[in-house]
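Not measured: the values here are computed from a predicted model. When reading the values below, keep in mind they use all heavy atoms of this one structure, side chains included, and skip hydrogens, waters and symmetry mates. Order of the sequence lines sets the chain letters (A, B, ...), proteins ahead of strands, with each chain counted from 1.
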Amino acid sequence: MSSFDDSDAYEGASLAARAMAARAMPYLDELNPEQRAAVEALDGPVLMLAGAGTGKTKALTTRIVHLLNTGRARPNEILAVTFTNKAAREMKHRVGRMMGEAVEGMPWLGTFHSICVKLLRRHAELVELNSNFTILDTDDQIRLLKQLIRAANIDDKRWPARALAGVIDHWKNRAWTPDNLPASEAHAYDGKGPALYRMYQTRLCELNAVDFGDLLMHMVTIFQAHDDVLKQYQRWFCYILVDEYQDTNVAQYLWLRLLAGGHQNICCVGDDDQSIYGWRGAEVGNILRFEKDFPGAHVVRLEQNYRSTAHILAAASGVIAGNKGRLGKELWTDAEGGEKVRLIGHWDGETEARWIGEEIEAMQYGTRGLQSYGLDKMAILVRASHQMRAFEDRFLSIGLPYRVIGGPRFYERLEIRDAMAYFRLVVSPSDDLAFERIVNTPKRGLGDKAQQKIQMAARENGVPLMQGARILLQNKGLTGKGATELTRLLDNLERWAMMTRARVIDAGEGEVIDDGGIEVGEPEVNHIELAQIMLDESGYTEMWQNDKSPDAQGRLENLKELVKALEQFENLSGFLEHVSLIMDNNSEDASEKVSIMTLHAAKGLEFPVVFLPGWEDGLFPSQRSMDESGQTGLEEERRLAYVGITRAEEVCTISFAGNRQVFGQWQSQLPSRFIDELPEAHVDVLTAPGLYGGNYGAAGMSAGIETRAAEADVYSSPGWRRMQARNQQRTVSKPKTNVIDVQATSAHTMGDRVFHQKFGYGAIVGVDGDKLEIEFEKAGLKKVIAKFITGADDIPF
DNA sequence: TACGAGTTCTCTATG
DNA sequence: AGAACTCGTA
């Protein structure tokens, strides 16, 4: 940081002198005119509308470097927020590289959440918290809510805790505290939402805990109620940069506006066409309204794309053009040539996975006259994570290496969470949620009854569960095996806690500590060894060693990895802090693999070869999205399609299947409406190579493009008959009495005798959205789209 | 209290 | 299809 001490010289420098200095800055020459404009407009509000692949991160990082180089700010005076840890890391890395030194001094470059944790630790007392509060993850949150719901005598069957969690999350995204909850929300969660919200917040306070939503909300509350605190930070953060501004929710928006309220030196970067997080509270309105919020804002559009071929860009533009209310941007490139976007229909999800697997292998080895690509140059982007399984199954069986990005994350795994609960309990013995998690894991004969007694003892004495358990034992409220085991657990926990403390006090002394648990002469126990000791002595490791289920071995390996991860940290609490915010699962693995991930996880990434499977109505666009948010939902889905296509640099392949298993039930699918929106001039329709011996691919395809009635020809192939036979068996062997609410859809009711073009006559046995479940007289149980059904009686004879 | 069979619910996505 | 959860039995 000392290299910036003479930076004051710039403060008084004339514009001309500054311009001179700027000319000497080589990094500016690497920018195109628009990027350069965005970088050089240092003061006042700036909105950078950056389309996909237009060098947004480059502009953003260069801007930071420019701020530093011109002496406008020191590294610790720049507030730069991103949404993901990955983006933050990337930016840190790039700034560091450009500055030619490690930029240790950018402490305020991070995610909204990590920055808010830092701030909240400093001002925790202003919202009645202690600065060492714990951060609950979704799992803890749900368990806590479940307790409250049950305590309030609500049937959590009818009103699941997850739903309440969703409602509360929604409120927190809007920065609505229990006190300023709008009246319009009174009905939420059967009218009990607001009261439960209040109870939840009180309970969090008692536990000295916050959830993710609180991090932002508490800071907004603090800034609003304590002007002195706000002013302090307004002065300190003299320049603010925001990445992915289109993804900000109301709380984040308020937070930013408060912080930028003085100098207004705020630069927001975003792309309204890539706003795909409306479901978690993001407000596209924030970016659309920027110029109103910050009058005199400088708006820069980055439209030159450096990533994709013209065909890919044209396809993406064609799709996104269907959306209304865009800020308006058109990507262009001076790159020429390239392959058209490829489109192919398949029989079912399995066939689709198989075809993509073969295609990947062909591209890998460059056979069929195609260029050869490494596996890590290829990615499969799906709408919903359950689509991944078909690919994993297939790739496992053909031995194609793949990597799932953003799947079940390391720190969310059962064994990791259990182990972490032990660590948490040692660091903060009053962590009741952690205690509940591990009292009986491994089995200690402490079931519901015993746990209830512990709860009771704790509540009566107004102490945390661990103390409550002690009291219970002293009062002989528990006897036998349970009592012995509980005593041992408590003793262990205390001993381990003492070992951490001994470590802290005597750190660096190299002295031998005898705190009762360790033999004299043993070397000092560091947190890594301690973690291992805890896992071993608690019997947790043993539990998995004795477990003969197939995944037990993997779990043990994960535990080893967890202990190894501790090496990067000074102590246990530092580690816990990290984990609560960084849920990344970036096991850096250099080997070449195909990436499989959701479209959401793919935002910000790019690959030479991209596969976009599952483009079927209901799956993509997702039915749920459209049901819940109507036109808005559909537009968000369309943006998702846009994001997907624009991930591709050279080859983009879109596919759909005519049949797919959903919830274990076969369903016929229609090609996505987005397929109709692809401009034909930029699309190459592929024919499936002789699978099932038919040319259904071609037939289905053209039908897909022109009429979307792909069903017709598909159903005459041998594969279809085989499928039908399987369906028959399925329904015979396991008669499914899937009795769904006897709700009428627009025209048909349960029990109606109906007619379907292809399947013939049948009776409606279930209704699921716009789909009807029909027991066909010939074809068996099928789910079909309601509009393809006519009442049997409607047919004129 | 532990375990296994049966039943119901899920499948958007993030820190 | 698989996970999560419930309930009855040993």
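At B/dA2, one or more side-chain N or O atoms of A/Asn440 fall inside 4.0 Å of OP1 or OP2 (strictly under the cut-off). Here A/Ser385 reaches the OP1 or OP2 of B/dA13: one of its side-chain N or O atoms lies under 4.0 Å away. Put simply, A/Lys146 has a side-chain N or O that comes within less than 4.0 Å of OP1 or OP2 on C/dC5.
Taking the six-membered ring where tryptophan is involved, the planes of A/His600 and A/Tyr277 are tilted, since the angle between them lies from 30° to 60°.
Across all strands, A/Asp247 comes closer than 4.0 Å to no nucleic acid atom at all (heavy-atom distances).
Positionally, the nearest nucleotide of DNA chain B for A/Arg444 lies more toward the 5' end than for the other of A/Arg444 and A/Ser625.
Considering only the side chain of A/Lys443, B/dA2 comes nearest among B/dG15, B/dT1, B/dA2. Checking B/dA2, B/dA13, B/dC11 against every side-chain atom of A/Arg162, the shortest atom distance belongs to B/dC11. The side chain of A/Arg280 has B/dT14 as its nearest neighbour among B/dT14, C/dA1, B/dT1. Between B/dT10, B/dC3, B/dT14, one nucleotide has an atom nearer to the side chain of A/Phe663 than all others, and that is B/dT10. You'll find that the side chain of A/Thr598 is closest to B/dA13, out of B/dC11, B/dG15, B/dA13. Checking C/dT6, B/dT14, C/dA1 against the side-chain heavy atoms of A/Arg389 singles out C/dA1 as nearest.
A donor-acceptor pair shorter than 3.5 Å cannot be found between the side chains of A/Asp418 and A/Thr441.
Here the straight-line distance linking atom CG of A/Asp190 with atom CH2 of A/Trp159 works out to 4.0 Å at 0.5 Å rounding.
Residue A/Arg162 qualifies as open at atom CZ: its count of foreign heavy atoms under 6.0 Å is 12 or below.
Using atom P as the reference point in both C/dA4 and B/dA13, the two lie 14 Å apart (nearest Å).
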